[in-house]
Chemist: 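My questions will all concern the structure given below.
Whatever order the structure lists them in is the order used to number ligands and atoms, beginning at 1.
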Amino acid sequence: MKPLFYLLDLLFPPCCAFCQRKLAGESVLPLCSECEASLLSPAGCCPHCGHPLPEDSRDCPACFGRAFAFDGACAASLYRGQLKKAVYRYKYGGEKGLAQPFGRIIALQVKKYPWPSFDAVVPIPLHRKKLSQRGYDQSLLLARAVAEQLKIPLVCGLRRRRETVSQTSLAAAQRWQNVREAFTCVSGSLPQKILLVDDLLTTGATAHFAALAARRGGAAEVYLAVIARSEGYDAT
Ligand SMILES: [Zn+2]
Ligand SMILES: [Zn+2]
């Protein structure tokens with residue numbers, strides 16, 4: 001280890017990105033062993049929405065095979081426990097620095113999937129009003145970190161054309177209505193193979209309409225990666 005990094009590690013010992021426990025030694029992932037064990041594996045998850053599948057079935061209890069405009073989705077882990085608290089700190093507690101470890105974790109998850117090599121990483125954007133309230137765009141920071149890790153360009157090619165009510169306050173059916181046609185493509189044309197990045201995936205409604213806008217903008221293969229997938233049976 002270089003002396004500067006050694007000194008920085010002494011002053012600011014690396015912490016687990018999910019539970020904040022101090023990490024001993026160097027590891028590939030910025031996670032303690034317990035949180036690393038909570039990461040989802042591609043073989044055990046629905047290829048369409050990233051939700052864990054029951055042990056004895058390939059029928060997804062979350063999306064029921066719904067046709068999304070994205071070709072596949074993956075999440076690092078389920079939105080619960082320590083990760084849920086970490087996402088909360090990231091989105092509402094001003095801990096922007098979590099974008100880096102989250103981005104590393106997402107990038108490593110993406111590499112486990114038999115997906116195409118992407119031409120660009122595209123963030124699912126916030127509406128500018130929400131951006132001015134929060135002061136930063138959590139999905140943009142995350143997408144930038146993922147793009148750096150995967151060594152592919154970041155293209156901010158989508159825009160929210162109208163303000164939407166927070167999805168968390170709505171029932172599943174209303175979520176689809178709320179974000180219907182909320183996105184538009186701003187780049188002249190998007191590259192062929194893109195990876196959308198967002199912090200959370202719940203019903204998939206937001207990502208579906210973002211993917212639809214991306215396809216209208218010229219993308220032919222659209223995949224989605226998030227840090228956390230909500231547990232649920234709420235795709236109606
Ligand atoms: Zn941990
Ligand atoms: Zn599914």
Chemist: If you count every heavy atom of other residues, nucleotides or ligands that lies below 6.0 Å from E34 atom CD, does the total exceed 12?
Modeler: no
Chemist: When you group the ILVMFWY residues by side-chain heavy-atom contacts below 4.5 Å and let the links chain together, are V146 and L141 in the same group?
Modeler: yes
Chemist: Verify the distance test for H48 against the Zn ion (ligand 2): any N/O/S atom under 2.8 Å, yes or no.
Modeler: no
Chemist: Is the count of non-hydrogen atoms from other residues, nucleotides or ligands lying under 6.0 Å from K112 atom NZ greater than 12?
Modeler: yes
Chemist: For the Zn ion (ligand 2), does an N/O/S atom of C46 lie at less than 2.8 Å?
Modeler: yes
Chemist: Taking the Zn ion (ligand 2) as the vertex, measure the angle between atom SG in C49 and atom SG in C63; round to 10°.
Modeler: 110°
Chemist: For the metal site, I want the angle between atom SG of C16 and atom SG of C19 with the Zn ion (ligand 1) at the apex, to 10°.
Modeler: 110°
Chemist: Would you please say whether a donor-acceptor pair under 3.5 Å links the side chains of D119 and Q192?
Modeler: no
Chemist: Angle at the Zn ion (ligand 1): provide the value between SG of C35 and SG of C32, rounding to 10 degrees.
Modeler: 100°
Chemist: Tell me whether Y92 shares a hydrophobic cluster with L98, the cluster being built from Ile, Leu, Val, Met, Phe, Trp, Tyr side chains joined at under 4.5 Å.
Modeler: no
